[in-house]
Visitor: 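Pasting in a structure now, in structure tokens, and then I'll have a few things to ask.
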Amino acid sequence: MSYSNPEFEYFSYELEHVDKKTGARAGTLHTPHGDIKTPIFMPVGTNSTVKLVTNHHLYESNAQIILGNSYHLYLRAGDELIAKFGGIHKWMNWDKPVLTDSGGFQVFSLAHLRKITEDGVEFRDPKDGKKHYINPEVSMKIQQNIGADIIMAFDQCAPFPCEYNEAKKAMERTHRWLERCIKAKTNPKQALFPICQGAFYDDLRRESAAFVSQFDAVGYAIGGLSVGEDKETMNHFVNFTAPLLPENKPRYLMGVGTPEDLLDGIKGGVDMFDCVLPTRNARHGSFFTWNGKKQIKNSMYQEDSTPLDENCDCYACRNHSKAYIRHLFKCNEGTAQALMSIHNITFLVKFSQMVREAILEDKFEEFYQEHYNNFI
RNA sequence: GGGUAGAUGGCCGAGUGGCUAAAGGCGACAGACUGUAAAUCUGUUCCCGCGAGGGUACGGUGGUUCGAAUCCACCUCUGCCCA
């Protein structure tokens, strides 16, 4: 199926370099709110804020694009209210690119609160129990009201483990829903990314990659991974699926991840990542370093006058010691969580920048060898 | 001076004869978290031992009892009330 996609008037992707020894890629995605240099880690800001991080610190972290969640923003503050403010960029005063997830992941993560039919999903607000309904058309309407640069297809993410027939049904429904999303979407200043599903079956992944690839989209996502499977399994399906997607388009691995997962994903040919881990882990007391993940509450940091990471230039690392942040954390001062969130976001953004530089210099393999084992 | 309530593991605090090495909370120590219902959840927290197990322990001393943190006597200390 071929059709002229009007989104290409506002979006384009240049694949700048492919690492000679691996599948790692460097590129640039042009959007109406600026360029995104890939590979890129995208911080998650579900409720139109990256939790505990102000826009000031977000800009300073060099985050190039952030996520919002259309399911949660539909419930609160309401997509129509955001539209009244002129869209999410004005609403939250963020002028770089934004991507919204469709609500598809909530079909998965809030499974006990929903009922799926061929048409769509009925669910209850986890906070007040009120019933709501989202289907592909509603999701497109919500996401167009919110006004992100990149919007996601409304999909059905299968759990892990998942029986073959169940996985196949979810994948086929995701495909039918994708066609409805494309039909319902009207604003060419938003790029709709299809999502490849297929759970943990090679033939389903191949079928799904082929299905989504027939649409001339700005970019493509790999969904349904990092849902509880082990790393080896996830890596297999990343490596298997990514090359099946169009080479000259950005590939977005949804919901990943850790520094080591980024390295593996990039090695497999992925360009974009998002994950709640840096901010959630920060709130829970762990922080990323070039020597792996650490816990600020550990007693060994009680008198440690050094920053969270010696090689980090984030606001927290420029200004505060581990001992001080640990003290704040143990006193339940939210500032500790905010500082750690700034650090973790900055770390992953910087990390993806350094990977990009290594790729451009054809040194990805060396970068991988040098750092991978520090993170596992 | 008289009366009264009380003394439990780092702290607070359940527990009134065996099911109590002693609930629960806090603190401490460690861990988990992957398209955010998450500043959440899990484990450990008297000593020795990998373990089975052993040793100490509920203010102190002595007693009753097969058996006491729990009952009795005296002592020490603390809160409150009256002079």
Side-chain angles (χ1 to χ4, degrees), chain A residues 41-53 65-73 75-76 99-114 123-130 139 143 148 150-158 160 174 193 195-197 221-231 233-235 238 252-262 264-265 270 272-288 293-302 326 328-341 344 348 375:
Chain A
F41 175 78
M42 309 183 283
V44 177
T46 303
N47 291 309
S48 64
T49 180
V50 176
K51 289 187 195 295
L52 303 182
V53 181
I65 171 174
I66 59 171
L67 263 70
N69 184 280
S70 46
Y71 168 92
H72 290 291
L73 290 172
L75 289 175
R76 276 168 293 276
L99 180 156
T100 45
D101 190 21
S102 62
F105 188 70
Q106 281 60 43
V107 173
F108 162 77
S109 66
L110 301 173
H112 59 292
L113 293 172
R114 50 77 167 150
F123 63 94
R124 282 182 285 123
D125 183 335
K127 293 198 175 162
D128 68 12
K130 210 173 148 189
S139 177
Q143 293 193 82
I150 298 171
I151 66 177
M152 302 305 299
F154 189 67
D155 65 334
Q156 186 183 344
C157 180
F160 176 85
T174 294
F193 278 33
I195 302 173
C196 168
Q197 287 291 348
I222 300 168
L225 295 178
S226 69
V227 291
E229 76 281 12
D230 55 81
K231 279 191 190 296
T233 303
M234 181 173 85
N235 283 333
V238 171
Y252 163 29
L253 176 56
M254 307 185 78
V256 175
T258 63
E260 67 271 24
D261 289 343
L262 258 58
D264 280 326
V270 173
M272 302 164 72
F273 302 84
D274 80 283
C275 195
V276 304
L277 219 48
T279 45
R280 179 181 292 166
N281 280 5
R283 276 177 278 120
H284 295 175
S286 59
F287 59 99
F288 294 127
K293 188 184 67 178
K294 313 283 182 190
Q295 313 249 13
I296 193 64
K297 284 184 288 186
N298 287 4
S299 53
M300 62 190 288
Y301 300 130
Q302 187 168 12
R326 175 176 189 272
L328 295 183
F329 204 95
K330 295 191 73 99
C331 290
N332 242 315
E333 292 290 347
T335 304
Q337 299 172 310
L339 291 169
M340 302 244 303
S341 297
N344 282 351
L348 280 186
F375 294 114

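These numbers were taken from a predicted model, which means no experiment stands behind them. Quick note on labels: first sequence line is chain A, next is B, and so on, each numbered from 1.
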Visitor: Indicate the ring-plane relationship of Phe123(A) and Tyr71(A), choosing parallel, tilted or perpendicular according to the 30° and 60° boundaries.
Guide: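 Answer is tilted, since the angle falls between 30° and 60°.
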
Visitor: Return the value, rounded to whole Å, for the distance between atom CZ of Arg280(A) and atom P of rG35(B).
Guide: 6 Å

Visitor: Roughly how many Å is it from NZ in Lys297(A) to P in rU40(B), rounded to a whole number?
Guide: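 Nearest whole value for this atom pair: 9 Å.
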
Visitor: Just to verify, what does Gln197(A) make a side chain to side chain donor-acceptor pair (under 3.5 Å) with, not counting sequence neighbours?
Guide: Asp155(A)

Visitor: Measure the distance from CZ on Phe287(A) to C1' on rG31(B) and round it to the nearest whole Å.
Guide: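 These atoms are roughly 15 Å apart.
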
Visitor: Counting only Watson-Crick or G-U wobble pairs whose two distances fall under 3.5 Å, which nucleotide matches rG1(B)?
Guide: rC82(B)

Visitor: For the ring pair Phe288(A) and Phe375(A), is the centre-to-centre distance below 6.0 Å?
Guide: no

Visitor: Between Asp125(A) and Arg76(A), does a side chain to side chain contact (heavy atoms under 4.5 Å, CB included) hold up when you go through it step by step?
Guide: CA-CA 10 Å; Asp125(A) 183 335; Arg76(A) 276 168 293 276; 3.1 Å; yes

Visitor: Nearest whole Å is fine: how far is rG35(B) P from Glu229(A) CD?
Guide: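 Distance, rounded to whole Å: 11 Å.
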
Visitor: Compare side-chain N and O positions of Gln106(A) against OP1 and OP2 of rU36(B) and report whether any pair is under 4.0 Å apart.
Guide: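 So the side chain of Gln106(A) is within the cut-off, an N or O lying under 4.0 Å from OP1 or OP2 of rU36(B).
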
Visitor: Take Gly334(A) and Asn69(A), find for each the nucleotide of RNA chain B with the closest heavy atom, and name the residue whose nucleotide sits nearer the 5' end.
Guide: Asn69(A)

Visitor: Given atom CZ of Phe288(A) and atom C1' of rU34(B), what is their separation to the nearest angstrom?
Guide: 9 Å

Visitor: For atom C1', what is the distance between rA73(B) and rC66(B), given to the nearest Å?
Guide: 23 Å

Visitor: Roughly how many Å apart are rC75(B) and rC82(B), using the C1' atom of each and rounding to a whole number?
Guide: 25 Å

Visitor: Please give the distance between the C1' atoms of rG43(B) and rC80(B) as a whole number of Å.
Guide: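 My reading of the C1' atoms in rG43(B) and rC80(B) gives 43 Å.
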
Visitor: Measuring only the P atom in each nucleotide, how far is rA23(B) from rG18(B)? A whole number of Å is fine.
Guide: 16 Å

Visitor: Choosing from rU34(B), rA37(B), rA38(B), which nucleotide comes nearest the side chain of Lys51(A)?
Guide: rA38(B)

Visitor: Rounded to the nearest Å, what distance is computed from the CZ atom of residue Phe329(A) to the C1' atom of nucleotide rC29(B)?
Guide: 15 Å

Visitor: Taking the P atom of each, how far is rG35(B) from rU20(B), in whole Å?
Guide: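 Taking atom P in both rG35(B) and rU20(B), they lie 43 Å apart.
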
Visitor: Please determine if a side-chain N or O atom of Asn281(A) lies less than 4.0 Å away from the OP1 or OP2 oxygen of rA32(B).
Guide: no

Visitor: Taking only the side-chain nitrogens and oxygens of Ser102(A), find out if one of them lies under 4.0 Å from OP1 or OP2 of rG35(B).
Guide: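 No, because none of the side-chain N or O atoms of Ser102(A) sits under 4.0 Å from OP1 or OP2 of rG35(B).
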
Visitor: Identify whether any heavy atom of Lys330(A) sits under 4.0 Å from a base atom; if not, whether one sits that close to sugar-phosphate; answer base, sugar-phosphate or nothing.
Guide: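 Since only primed, P, OP1 and OP2 atoms lie under 4.0 Å of Lys330(A), the category is sugar-phosphate.
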
Visitor: When rounded to the nearest Å, what value does the distance between C1' atoms of rG27(B) and rA37(B) take?
Guide: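 My reading of the C1' atoms in rG27(B) and rA37(B) gives 29 Å.
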
Visitor: If I pick the P atom on rG15(B) and the same atom on rU36(B), what distance separates them, to the nearest angstrom?
Guide: 47 Å

Visitor: Just how far, in rounded Å, is P of rG35(B) from CD of Gln143(A)?
Guide: 17 Å

Visitor: Decide whether Ser341(A) and Asn344(A) meet the rule of one side-chain donor and one side-chain acceptor closer than 3.5 Å.
Guide: no

Visitor: Expressed in whole Å, how much space separates the C1' atoms belonging to rA69(B) and rC58(B)?
Guide: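 These two C1' atoms come out 4 Å apart once rounded.
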
Visitor: Does any nucleotide pair with rG17(B) by Watson-Crick or G-U wobble geometry, both distances under 3.5 Å, and what is it?
Guide: none

Visitor: Can you tell me the distance, in whole Å, between the CE atom of Met42(A) and the P atom of rG35(B)?
Guide: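 So the CE-P distance, Met42(A) to rG35(B), works out to 12 Å.
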
Visitor: Using the six-membered base ring of rU36(B), report whether His72(A) stacks on it, requiring centroids under 5.5 Å and planes under 30° apart.
Guide: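 Whether judged by distance or by angle, His72(A) falls short somewhere, so it does not stack on the base of rU36(B).
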
Visitor: Using the rule side-chain contact (heavy atoms from CB on, under 4.5 Å), only one of Leu67(A), Thr100(A), Ile65(A) pairs with Ile150(A); which is it?
Guide: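 With Ile150(A) as partner, side-chain contact (heavy atoms from CB on, under 4.5 Å) holds for just one option, Ile65(A).
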
Visitor: Applying the Watson-Crick and G-U wobble criteria at under 3.5 Å, what pairs with rC41(B)? Answer none if nothing qualifies.
Guide: rG31(B)

